[in-house]
Amino acid sequence: MKKISLPIFALAILVVSFNSCSSDDEDNVVIQGEVTNQNTGNPIENATVQINTPQELSDIFGRTDELGQYSIGEIEVSEVTDLTILASATEFVEATRTLKVAPGDNITSFNFELTEEGSDDGGGDDDDEEEVGGEAGGPAQIQLVNVTSPAINVAETGGITSTTFTFEVQDSAGRSVDRNHEISFEIIRGPEGGEYITPATGLTNSSGRVTSNLVSGDSSGTVRIEAIIDRSDVGLTIRSSPVIVSISSGFPHPDNFNVAPRVYNFDAYAYLNENHTNNITVSVGDLKGNPVKEGTAVYFSASNGGLVNGSAVTNETGYATVNLAANGSTPQTHPDGVGFVDVVAQTVDKDNNYIEKTTTLLLSDPRDPVMTINPGTINVPHSGGQSFEFTIIDRNGYPMAAGSQITVSVGEGLVANGDVDFVLGDFFNPGPGSTEFGFVVDDTDDVNSDVVNTSLTVTIETPSGFIKSLTIQGTRAKTAN
């Protein structure tokens, strides 16, 4: 088998080359793929793959090798052209597919799956089922049997922008009709962004099937198509109108382009540590709020402080993340004050305009925070309590970084309640809950009232690992053990 097929394959390529020898190689189209058994997935050797239309290219063909692979090249076109390609093999039902090509295209993975003649096309064990005998009658119904990609991308985004669909025409008994019944296709509902079907008409093959392509336009939305057979011989129009494809993942749109940090208050002022980072994340959506195509590029910049990765690409959900690192900067010139920085995310919309979004962060100083406790001494009466207020700010007068751990510890026989063990929230401005806190210390002994010395300590630990404590002394009314 191999000794026969390889020379035939070589002869096919030679024929194609001879017919196209006068063309510009760079403008010629090459189509490659494989032909396999639809039921088993095995490659089909010596299958013929031939251009069916347009007629002037119908002498171009190739044959598959032992791996089921084929290549037809030197297809000379001078403009965007619709091709119909037919694959056939002995003891298999032939299949056709269509595609649109332009000069210089190199099409890969344009594959065919052929059904064995007499096969039930994957329907399982039907030995006990009754079948209608005889030749098929005229067309009576149309069924959608295959869509290669039920979700495609908006045109020009670099993603999959077309899908192949196949309808089967059957008679009233469910038998596939024969060849040369014309079926036409049209879009009856879509996003109206220039999407189209090519070719718009086709003829059934020996299995009663017709294949065409839906090509996306510049808008997202659901597409419903209609397959139509006009039986003027009996005054009947047969229709099938499935919703087959959604078009999404258009170009970035400013209304759906947003950026935000993991935390807005980041302890990185005058602190240099490449491993201490803050995630900056963008979400990138198209006009309809769908994620843009995976791999869409976004550029980042930090205007006056911090060190940010310059670029990232979106994932399948439309998100991209970079790190802002503590680079020792001490920003001074931001309108909001010392320590504030802007991180800008930028990409390009469908009209080639830059779209940008800015997020503002505060780089708080983690070194040596300023801490006060009021009152500055402890004087807890027997079976009574004492209220305290304390403040913690960074050296620029702002709240400490989001995620800082603050704890209050007291001596034996005392208990503290209030702001005594908590994680600081994400704040820009000083005030209650961000830099000002309070708690009450109570005596827990209701029997002894002897005065003894005690202490109270407030401790803060920043996310960057800096720790500082402030301790005050005083007395409590309780007998020492």
Side-chain angles (χ1 to χ4, degrees), residues 252 254-284 297-313 319-349 353-372 391-406 423-437 460-468:
D255 290 347
N256 292 306
F257 183 60
N258 298 290
V259 60
R262 177 178 54 83
V263 293
Y264 287 91
N265 187 332
F266 177 47
D267 52 343
Y269 185 92
Y271 178 49
L272 178 63
N273 185 339
E274 66 176 320
N275 296 317
H276 186 52
T277 60
N278 188 10
N279 293 341
I280 310 295
T281 299
V282 293
S283 62
V284 191
V298 181
Y299 172 73
F300 296 83
S301 61
S303 62
N304 62 333
L307 189 67
V308 68
N309 299 111
S311 64
V313 295
Y319 286 81
T321 298
V322 294
N323 288 325
L324 178 75
N327 71 332
S329 58
T330 57
Q332 305 288 317
T333 60
H334 195 279
D336 290 342
V338 173
F340 284 90
V341 299
D342 288 334
V343 176
V344 180
Q346 180 192 82
T347 190
V348 180
D349 68 9
N353 298 315
Y354 284 120
I355 55 177
E356 294 183 345
K357 287 292 176 69
T358 300
T359 186
T360 299
L361 292 80
L362 170 62
L363 304 188
S364 58
D365 193 335
R367 308 162 301 155
D368 195 22
V370 179
M371 305 173 65
T372 63
T391 63
I392 305 178
I393 56 176
D394 78 345
R395 292 194 291 184
N396 294 319
Y398 292 104
M400 298 300 292
S404 296
Q405 179 70 46
I406 297 175
V423 175
L424 190 61
D426 202 0
F427 302 108
F428 278 173
N429 299 316
S434 61
T435 59
E436 303 171 7
F437 314 96
I460 181 169
E461 180 176 359
T462 68
S464 52
F466 288 88
I467 300 174
K468 184 176 181 179

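Using a 3.5 Å distance cut-off with no hydrogens or angles, the side chains of Asn327 and Ser329 do pair a donor with an acceptor. Side-chain contact annotation: Thr358 with Asp342, donor-acceptor N/O pair under 3.5 Å absent.
Residues meeting the side chain to side chain contact (heavy atoms under 4.5 Å, CB included) test with Tyr299, sequence neighbours left out: Ser301, Gln346. Scored by the side chain to side chain contact (heavy atoms under 4.5 Å, CB included) test, Asn429 finds no partners at all (sequence neighbours excluded).
Atom OH in Tyr264 sits 10.0 Å away from atom CG in Asn278 (nearest 0.5 Å). Of the inter-residue distances, the one linking Lys468 atom NZ with Thr462 atom OG1 reads 12.5 Å to the nearest 0.5 angstrom. In this structure, Phe427 CZ and Leu362 CG are separated by 12.5 Å, a value rounded to the nearest 0.5 Å. Once rounded to the nearest 0.5 Å, the distance linking CD1 of Ile393 with CG of Asp365 reads 11.0 Å. Rounding to the nearest 0.5 Å places OH of Tyr319 at 8.5 Å from CG of Asn258.
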Can you list the steps and then say if Val341 with His334 is a side chain to side chain contact (heavy atoms under 4.5 Å, CB included)? CA-CA 7 Å; Val341 299; His334 195 279; 5.7 Å; no

With side chain to side chain contact (heavy atoms under 4.5 Å, CB included) as the test, would you mind laying out the steps for Tyr271 and Leu363 before giving the verdict? CA-CA 9 Å; Tyr271 178 49; Leu363 304 188; over 6 Å; no

Determine whether Ile280 and Leu361 satisfy the following criterion, side chain to side chain contact (heavy atoms under 4.5 Å, CB included), listing intermediate values before the conclusion. CA-CA 10 Å; Ile280 310 295; Leu361 292 80; 4.1 Å; yes

Quick one: do Tyr354 and Val348 satisfy side chain to side chain contact (heavy atoms under 4.5 Å, CB included)? Show the steps, please. CA-CA 5 Å; Tyr354 284 120; Val348 180; 3.8 Å; yes

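Without hydrogens or angle criteria, Asn323 side chain to Ala325 main chain gives no donor-acceptor distance under 3.5 Å. Formation of a donor-acceptor pair under 3.5 Å by the Asn309 side chain with backbone atoms of Val322 is not found in this model. The backbone N or O of Phe257 sits less than 3.5 Å from a side-chain atom of Lys357, completing a donor-acceptor pair.
Applying the salt bridge (Lys or Arg N to Asp or Glu O under 4.0 Å) test to pairs two or more places apart or on separate chains, none has a residue in residues 254-280.
Taking both residues in full, the closest heavy atoms of Val308 and Ala302 are given as CG1-N, 3.6 Å, listed atom of the first, atom of the second, then distance. Listed here is the closest heavy atom pair of Ser364 and Asn265: OG-OD1, 2.7 Å. In terms of heavy-atom proximity, Ala270 sits nearest to Arg367 at CB-NH2, 3.3 Å. Pairing each heavy atom of Gly305 with each of Leu324, the nearest pair is O-CD1, 4.3 Å. The two residues Met400 and Ile392 have their closest heavy-atom pair at CG-CG2, 3.7 Å. The minimum heavy-atom distance linking Pro252 with Ile355 is given by the pair CB-CD1, 3.8 Å.
Among the candidates Tyr269, Phe428, Phe340, the single residue satisfying the ring-ring contact (aromatic ring centres under 6.0 Å, His included) test with Tyr398 is Phe340.
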